[in-house]
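Here's the structure, in structure tokens; my notes come after.
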There are 2 protein chains.
Amino acid sequence: MIRFVEMNSYTEENYLKSIYHLSLSNEESVSTNSIAAALNTKAASVTDMLKKLADKKLINYTKYQGVTLTEEGNGIAINIVRKHRLWEYFLVEKLNFKWDEVHELAEELEHITSAELVDRLDKFLNFPKYDPHGDPIPDNTGRIKKHELIPISALKDGDKGIIMGVREHTPVFLQYLEKMNLTIGKHIQLIEVVAFDASVILKVNKETVSLSRDAAKNILVTV
Amino acid sequence: MIRFVEMNSYTEENYLKSIYHLSLSNEESVSTNSIAAALNTKAASVTDMLKKLADKKLINYTKYQGVTLTEEGNGIAINIVRKHRLWEYFLVEKLNFKWDEVHELAEELEHITSAELVDRLDKFLNFPKYDPHGDPIPDNTGRIKKHELIPISALKDGDKGIIMGVREHTPVFLQYLEKMNLTIGKHIQLIEVVAFDASVILKVNKETVSLSRDAAKNILVTV
DNA sequence: ATAATTTTTTAGACTTATCTAAAAAAATGA
DNA sequence: TCATTTTTTTAGATAAGTCTAAAAAATTAT
Ligand SMILES: [Mn+2]
Ligand SMILES: [Mn+2]
Ligand SMILES: [Mn+2]
Ligand SMILES: [Mn+2]
């Protein structure tokens, strides 16, 4: 007797992944409009897909109420995130891509289905814990090793920290950080929060750099 | 002024690849039915797609006449073959998959679009010339290094050869070869073609093995 | 040369994922 | 509370890719 593995389309996977990411920042249920914005599509399209995902019991959905992932939907989403981050790690560590070049590629690679492939890739890469942007890579049981990170904007004068992640993944931001030497692993010390515009002045490698509050909010450190 | 890159769907790519492979064995133009058989679809579906590919000038198509690839269609097909074989090589050499396990995975990976990724993968793998089944890997200009191979079934008593490829890529056949020690690089000598059923007896590693004519036709050697 | 068979194309339908425009529900606010 | 605004859903279309059944063309056999 053959057991059918529930297959989800590329598109369904992207919806689940978006709902997953949106839940992390929202805590509440995720709205139709926020999904539409994340996936660059229209609210009407989202509603259609939500009905389908609800039929498949991957999300909890009641009209006008927004959605949450079911246990199963969550598992699928985490698996896609795992693949995304492992491929990003591979691209940077083995193929020498830069950290600002890998996200789009991983958006495609994350949909390759074989679980065996992912696990072998994981082993080949030596079971990395974090991706090139500092985001945790779920293990093959879906467990995620979160670390407690705070944005530079929350530091006080004199506080030291090590850069461990970023909140914003656009190439333009990552390239900017690269140029400012503010990459993963760098030790920084906050010198001063400027009263005028809440921009910050900090030390990296003995150099003094200035960052807008907006940039500071998107760089995560351990203290 | 932005230059648009002609994008082809996953499905279109598979049609082009099939037409490419079928042209190699056919020499003549490729028939609707043969494409349908290769892609496990129906002739009516093939006709629909042929019209579309012809509109895009990727194939030469006149009703009832079969098709050939245009220069451009051929280039796209070869690029997919390049990706397929490079990924197969990666899976075997880096992730330790067996040669009978990689084809299906490569069927997915070959559709990842980035040319930059393929070239970096090629470099990472040290520009391999042949895939795990002995098939030549096109370089990034589309050039293919073909070697002159003949099937074991064409050898005469006493002829020696080195296994360089296979014509049949099904897991069951590859697993059988593995068990018989008839893998790429092995030196063999044909002892006798049995008159009764044209099966062959040959030596590999000092051992004597017997192969059906059908198997012998699907193993390729250099003499 | 005509009939029978095979191959290929057309016609019409279905599925998935998308869209715009309009209707309905929920939230906001005076 | 009742009107206005915002959010979400429904209705109806469209495009890609597939299918079955039927028609047309090409091939083969008598
Ligand atoms: Mn990413
Ligand atoms: Mn990342
Ligand atoms: Mn293959
Ligand atoms: Mn191969």
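Below, each value reflects all heavy atoms present in this structure, side chains not excepted, and no hydrogens, waters or symmetry copies. Throughout, protein chains are lettered first and strands after them, A, B, ... in sequence-line order, and every chain is numbered starting at 1.
Taking 4.0 angstrom as the limit, Thr41(B) places a side-chain polar atom (N or O) nearer than this to OP1 or OP2 of dC19(D).
Seen from the ring of Phe90(A), Lys94(B) does not count as a face-on cation partner, given the 6.0 Å and 45° thresholds.
Side-chain atoms of Thr62(A) never come within 3.5 Å of backbone atoms of Gln65(A) as a donor-acceptor pair (strictly under, hydrogens ignored). His133(A) places a side-chain N or O within 3.5 Å of a backbone atom of Trp99(A) that can act as its donor or acceptor partner. The backbone N or O of Leu58(A) lies less than 3.5 Å from a partner atom in the side chain of Thr70(A), making a donor-acceptor pair.
What separates CG of Asn40(B) from C1' of dT18(D) is a distance of 13 Å, to the nearest Å. Rounded to an integer number of Å, the gap from CD of Glu12(B) to C1' of dT18(D) is 14 Å. To the nearest angstrom, C1' of dA21(C) lies 12 Å from NZ of Lys42(A). For the pair Asp55(B) CG and dA16(D) P, the interatomic distance rounds to 11 Å; values are reported in whole Å.
Within the 4.0 angstrom heavy-atom criterion, no nucleotide atom of any strand lies near Tyr10(B). Base engagement by Ser45(A) is indicated by at least one non-hydrogen atom pair under 4.0 Å involving a base atom.
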Polar atoms only, N or O, under 3.5 Å: list the protein pairs with nucleotides 7-10 of chain C and their distances.
from    : atom 1 : to       : atom 2 : distance (Å)
dT8(C)  : OP2    : Asn33(B) : N      : 2.9
dT8(C)  : OP2    : Asn33(B) : ND2    : 3.3
dT9(C)  : OP1    : Tyr61(B) : OH     : 2.5
dT9(C)  : OP1    : Tyr64(B) : N      : 2.9
dT9(C)  : OP2    : Thr32(B) : OG1    : 2.9
dT9(C)  : OP2    : Thr47(B) : OG1    : 2.9
dT9(C)  : O4'    : Tyr64(B) : OH     : 3.4
dT10(C) : OP1    : Lys63(B) : NZ     : 2.7
dT10(C) : OP2    : Lys51(B) : NZ     : 2.8

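Asp119(B) meets the side-chain hydrogen bond (donor to acceptor under 3.5 Å, both in side chains) test with Arg82(B); sequence neighbours excluded.
Taking the side chain as every heavy atom from C-beta outward, Thr41(B) and Met49(B) never approach each other to under 4.5 Å.
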